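Read the structure below first, then the notes.
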Amino acid sequence: MSARPDTGGDAVARPIDIGLIDRVTDDGSLGPRRAVGASLQPTLAELSVPGRRTDQVPHPPADALAGIPDDLLRSSAPALPELSEPQVMRHFTNLSHLNHSIDGGFYPLGSCTMKHNPRVNETAARLPGFARLHPLAPDTLAQGTLELLWELQGMLSEVAGMAATTLQPAAGAHGELTGILVIRAYHRARGDVDRDEVIVPDSSHGTNPATASMAGFRTVTIPSAPDGGVDLEALRGALGPRTAAVMITNPSTLGLFERRIVEVLEATHAAGALAYMDGANMNAIMGRFRPGAASFDVMHLNLHKTFSTPHGGGGPGAGPVAVAAHLVPFLPAPLVVRETDGTFRLERDGERPGSIGRVRAYQGSVGVLVRAYAYIRTHGGPGLCRVTDDAVLAANYLRQRVGEAWDLPYAGPCKHEFVASGARLRRETGVRTLDVAKRLIDHGYHPPTVYFPLIVEECLLIEPTETETLADLDAFAEALLAVAREAHEQPELLHEAPLTTPVRRLDEATAARRPELRWRPMTGAETPCPQ
Ligand SMILES: *Cc1c(COP(=O)(O)O)cnc(C)c1O
């Protein structure tokens, strides 16, 4: 977040009709109806009162600090905020209400699969046998967890149509890096050391080229065909003895199934390269298309997308990587294996000498893996197919409705998400997609993904997921159509939006380039961090 958020100031100083709330008062406060949250919260440091306590150590022994060497003792007290417990509770609870969440409302953030996280997942993850297991517990004391992880490796391999799966990577991006390192190890093991390029289509997620460069490859970007799919001629032109891998997202970030997938895979393999599938969009094809069976060599699965575990928020996700048989020797170690007597253990050091090694401590985000396991178990195979079918149905329905007012640059039908373009709206009204996104917040919605994929002008990428009801889809469609009408009738309203939030538009460039991550000044006697 940038320096001090813009709390409104100039934009709300004069009363303007913002459609949703009665009026903006002279002092800048808003009328009674608010779409989001209450108001900005003071920081804990600002709430601090010297001497205020939540709790204290009862009767600390007089020599409590005696065992600590002098040079490790503080010379003055830390500058921590001093608060009562209710203050702390209210602070964090109120802050949490300022965030839009999937528990609070529809969240059509394209490419992110913001679906409901079933509570049975949470119940499973909180079982003490999983939640309290020490990560260094010996295998003999961790049989239940190891069995679950072993089964999950198998289930995800089946969904992927692959031979084996590592559960270690912490996110999709981390899975990509793992997968590309596996591909690098494969080529090197065959003495095929001149392959230093990775091909990605121009519709790819930014993590694809980032992964390629982090793994030491040069990224070769190829343009998409007019229908949104891979341009075969461009692909064939780019492929060669230096190509290590082609990264394909299927369905693509445009929400389209790759119709020329057979040709893409044949051309890739004919050039001696391997095919990486970015599996972020599995919610559209799970149970209906198995990438391994189509001859993809490696893919990742974002458990926080398709498999309904919570999205990070800085916390853990999971991006397991599944590979075909010829890549199993290179997978990160240790995998969970089953002995012939039915017990489970982690692979031993050096057991698979070609392994690229660990990519994460312990067994990855085990709490997240338990949640995904619970999700798969509650649905079963037919249930997962149904998830996919319903996600595709919801997206096509919404696409049809939104198409009444928005341009749909690619001919239907779509998979689990679709792109709409605000290019015409911008030409006719001067309203940009960014304004539309901000205005949707006033209507009570988290905006869709905007300006991605990069190849669609004034792009909106909309993904409703299967967990929304028909009424929810209709209500969102109405909101988007209402915003299109507002753009024609009151474009200035959209330039000002959002008008109902405690924070208005942030300076995004400054927030990204010079983030101010610490509150200052400190309230205590010293400032422990240098400026
Ligand atoms: C989300 C996404 C990623 C990155 O996954 P994370 O789990 O967010 O790291 C990569 N590719 C596509 C197409 C995605 O939608």
Side-chain angles (χ1 to χ4, degrees), residues 102 107-115 117 156 160 165-181 198-215 219 221 224 228-230 245-258 275-286 289 291 296 298-322 359-360 364-365 368-369 371-372 391 395 414-419 448-456 459-465:
I102 189 67
Y107 205 142
L109 195 63
S111 212
C112 295
T113 312
M114 306 302 289
K115 59 160 102 176
N117 304 154
L156 296 178
T165 298
T166 171
L167 303 173
Q168 280 183 31
H174 193 195
E176 288 175 37
L177 180 63
T178 303
I180 292 294
L181 290 177
V198 170
I199 298 177
V200 301
D202 60 3
S203 60
S204 77
H205 196 268
T207 50
N208 291 187
T211 290
S213 24
M214 278 192 74
T219 304
T221 306
S224 299
V230 172
V246 178
M247 298 181 83
I248 299 290
T249 307
N250 190 29
S252 71
T253 57
L254 299 165
L256 304 171
F257 191 85
E258 179 53 62
Y276 184 98
M277 184 165 123
D278 180 331
N281 293 339
M282 274 308 272
N283 213 47
I285 53 172
M286 174 170 54
F289 174 76
F296 272 105
V298 47
M299 74 175 295
H300 75 259
L301 295 154
N302 309 57
L303 299 191
H304 43 287
K305 294 181 180 173
T306 311
F307 296 94
S308 84
T309 73
H311 282 246
V321 170
V359 296
R360 183 127 198 270
S365 309
V368 170
L369 300 173
R371 287 172 174 85
C414 62
K415 284 290 171 191
H416 65 311
E417 63 188 350
F418 62 95
V419 287
T449 296
V450 294
Y451 298 106
F452 175 79
L454 306 175
I455 56 176
V456 175
C459 184
L460 288 154
L461 178 59
I462 303 175
E463 179 179 7
T465 86

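Here the structure is a predicted model, which is why all the values come from computation and not from measurement. Just so you know, ligand 1 is whichever comes first in the structure, and atom 1 is the first atom listed for that ligand. When a residue number appears, it is its place in the shown sequence, counting from 1.
Between the side chain of His205 and the backbone N or O of Ala280, no donor-acceptor pair lies under 3.5 Å.
Between His311 and His304, the ring-plane angle classifies as perpendicular under the 30° and 60° cut-offs.
Summarising the geometry, atom CD1 belonging to Ile180 is positioned 12.5 Å from atom CE belonging to Met214; distances are rounded to the nearest 0.5 Å.
Heavy-atom minimum distance, Phe452 versus Ser204: CE1-O, 3.7 Å.
Looking at Lys415, Lys305, His416 one by one, the single match for side-chain hydrogen bond (donor to acceptor under 3.5 Å, both in side chains) with Asn281 turns out to be His416.
A distance limit of 4.0 angstrom between heavy atoms and ligand 1 selects the residues Ser111, Ala171, Gly172, Ala173, Glu176, His205, Thr207, Thr249, Thr253, Asp278, Ala280, Asn302, His304, Lys305.
Residues satisfying the side chain to side chain donor-acceptor pair (under 3.5 Å) test with Thr113, not counting sequence neighbours, are Glu463.
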